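Because the structure is a prediction, the values reported are computed rather than measured. All heavy atoms count here, side chains included; hydrogens, waters and symmetry mates do not.
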Amino acid sequence: TRGIAVVIKEFFPSSSAMRVANHQVVPQNGKDEFYKEAFRRFHEEGRYLGMFRGPQFPKARTFFRSLNTAYIVMEIERGRPLSSYIKIDRKPADWETARPYIYDIYCALSKMHQQNILHLDLHPANIFLTLQQSGLLLDFGAARHIAEPVINTSRFYTPGFSAPEIRIGNRWGMWSDVYSFGACLEASGALKNPRWPRDIKILTLDCLREDIGERIQTFEDFRFNFFKP
């Protein structure tokens, strides 16, 4: 659409794909099955972007296929990922600064879980902070329905942010996104900045329980007024 800046995400898994004549994308030798599964996941990512609408999600414009691969077109948002702020500032955020984007990500994950869809790859690089200080939930490449089995979990396991059960493919569920949310709270400063509310510190620790049975199970178990600006 004229007048709207967009970003185009191309499906090209460098570990299993290559370009040939006329820029066509094909699987590398012996990587057909991996390429096929990765392409299916990319198609699902496009479907989820179209399914979830609202201020906490990227604005997907279209999904199309060309040159034996696929592309997702999204509107550009101005800002930078949370990981950039953490790396540059090197100090924990204050609560009033963090609360708006924490609330947005909480809302985004809650909407996904209401449709029985798990994100499964939440970490600061996948939380985008706009110039309006709102938060966008990015990268649905690992997202899947709660009943769908996880294949090759190491492909999207992020040390320090993915729940322990994701690494070993054991009993993953809504509580796995809860763990990652708690890890993002910790990265933002929940346990380092003494000025964060005590209730948020307790909540963060309860999200980070390694034992699934001791961890908060769903976002419905959160106290809503913790985050609402």
Side-chain angles (χ1 to χ4, degrees), residues 9 11 37-38 40-60 63 72 74 77 79 81-83 86 98 100-130 134-188 190 203-204 206-210 212 215-222 224 227:
K9 182 175 182 178
F11 173 71
E37 171 61 18
R40 187 184 72 83
R41 294 295 337 147
F42 188 81
H43 187 275
E44 285 292 278
E45 180 177 2
R47 186 171 72 87
Y48 290 140
L49 280 170
M51 178 187 302
F52 295 107
R53 302 284 184 173
Q56 303 91 14
F57 298 96
K59 297 179 178 67
F63 177 94
I72 300 173
M74 297 170 284
E77 290 282 355
L82 175 60
S83 56
I86 292 173
Y101 70 76
I102 288 173
Y103 175 69
D104 287 335
I105 300 306
Y106 160 78
C107 289
L109 291 169
S110 295
K111 289 178 181 178
M112 292 185 69
H113 286 191
Q114 287 168 10
Q115 299 297 321
N116 290 319
I117 305 298
L118 308 177
H119 188 276
L120 295 181
D121 195 23
L122 180 67
H123 52 82
N126 286 340
I127 297 174
F128 190 82
L129 308 185
T130 72
S134 60
L136 295 180
L137 180 60
L138 304 181
D139 198 344
F140 294 75
R144 63 201 62 221
H145 192 276
I146 195 169
E148 181 183 350
V150 174
I151 300 174
N152 189 16
T153 56
S154 62
R155 199 162 53 85
F156 56 80
Y157 180 80
T158 304
F161 293 94
S162 295
E165 64 270 15
I166 294 295
R167 179 173 56 83
I168 60 177
N170 179 39
R171 287 190 62 200
W172 53 273
M174 294 180 182
W175 47 84
S176 304
D177 281 343
V178 168
Y179 181 98
S180 298
F181 184 83
C184 289
L185 282 174
E186 181 180 24
S188 295
L203 175 71
T204 301
D206 286 341
C207 288
L208 291 174
R209 304 289 183 190
E210 292 206 8
I212 294 173
R215 191 186 311 159
I216 294 176
Q217 298 292 290
T218 72
F219 287 102
E220 291 182 353
D221 297 329
F222 282 26
F224 184 80
F227 308 113

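In this pair, Phe11 and Phe42 present their aromatic rings tilted. The plane angle is within the 30 to 60° band.
Judged as a side-chain hydrogen bond (donor to acceptor under 3.5 Å, both in side chains), and not counting sequence neighbours, Asp104 has no contacts. Every residue meeting the side-chain contact (heavy atoms from CB on, under 4.5 Å) condition with Glu186, not counting sequence neighbours, appears here in chain and number order: Leu191, Thr204, Leu208. For Thr130, the side-chain contact (heavy atoms from CB on, under 4.5 Å) partners two or more places apart in sequence, or in a different chain, are Glu77, Phe128, Gln132, Ser134, Leu136. Considering only residues two or more places apart in sequence or on other chains, Asp206 meets the side-chain hydrogen bond (donor to acceptor under 3.5 Å, both in side chains) condition with Arg209. With sequence neighbours excluded, the residues that form a side-chain contact (heavy atoms from CB on, under 4.5 Å) with Ser188 are Leu82, Tyr101, Trp196. With sequence neighbours excluded, the residues that form a side-chain contact (heavy atoms from CB on, under 4.5 Å) with Lys111 are Gln56, Phe57.
No side-chain donor-acceptor contact under 3.5 Å links His123 to the backbone of Ser83. Under the 3.5 Å distance criterion, the side-chain polar atoms of His119 are left unmatched by any main-chain donor or acceptor of Ser180. The backbone N or O of Phe219 sits nowhere less than 3.5 Å from a side-chain atom of Ser110 that would complete a donor-acceptor pair. Formation of a donor-acceptor pair under 3.5 Å by the Arg215 side chain with backbone atoms of Trp175 is found in this model. Checking side-chain atoms of Arg53 against main-chain N and O of Met51 turns up no donor-acceptor pair under 3.5 Å. Between the Ser162 side chain and the Pro159 main chain, no donor and acceptor come within less than 3.5 Å of each other.
Scanning both residues, Tyr48 and Ala143, for their nearest heavy atoms gives CE1-O, 3.5 Å. The shortest heavy-atom contact between Gln217 and Ile212 is NE2-O, 2.7 Å. Summarising the geometry of Ala163 relative to Tyr179, their closest heavy-atom pair is CA-CD2, 3.4 Å, with the distance given to 0.1 Å. Between Ala142 and Asp121, the shortest heavy-atom contact is CB-CB, 3.9 Å. Between Gln115 and His145, the closest heavy-atom pair is O-CD2, 4.3 Å.
No salt bridge links Arg40 with Glu45; every basic N to acidic carboxylate O contact stays at or beyond 4.0 Å.
Checked against the 6.0 Å centroid threshold, Phe63 and His43 count as a close aromatic pair.
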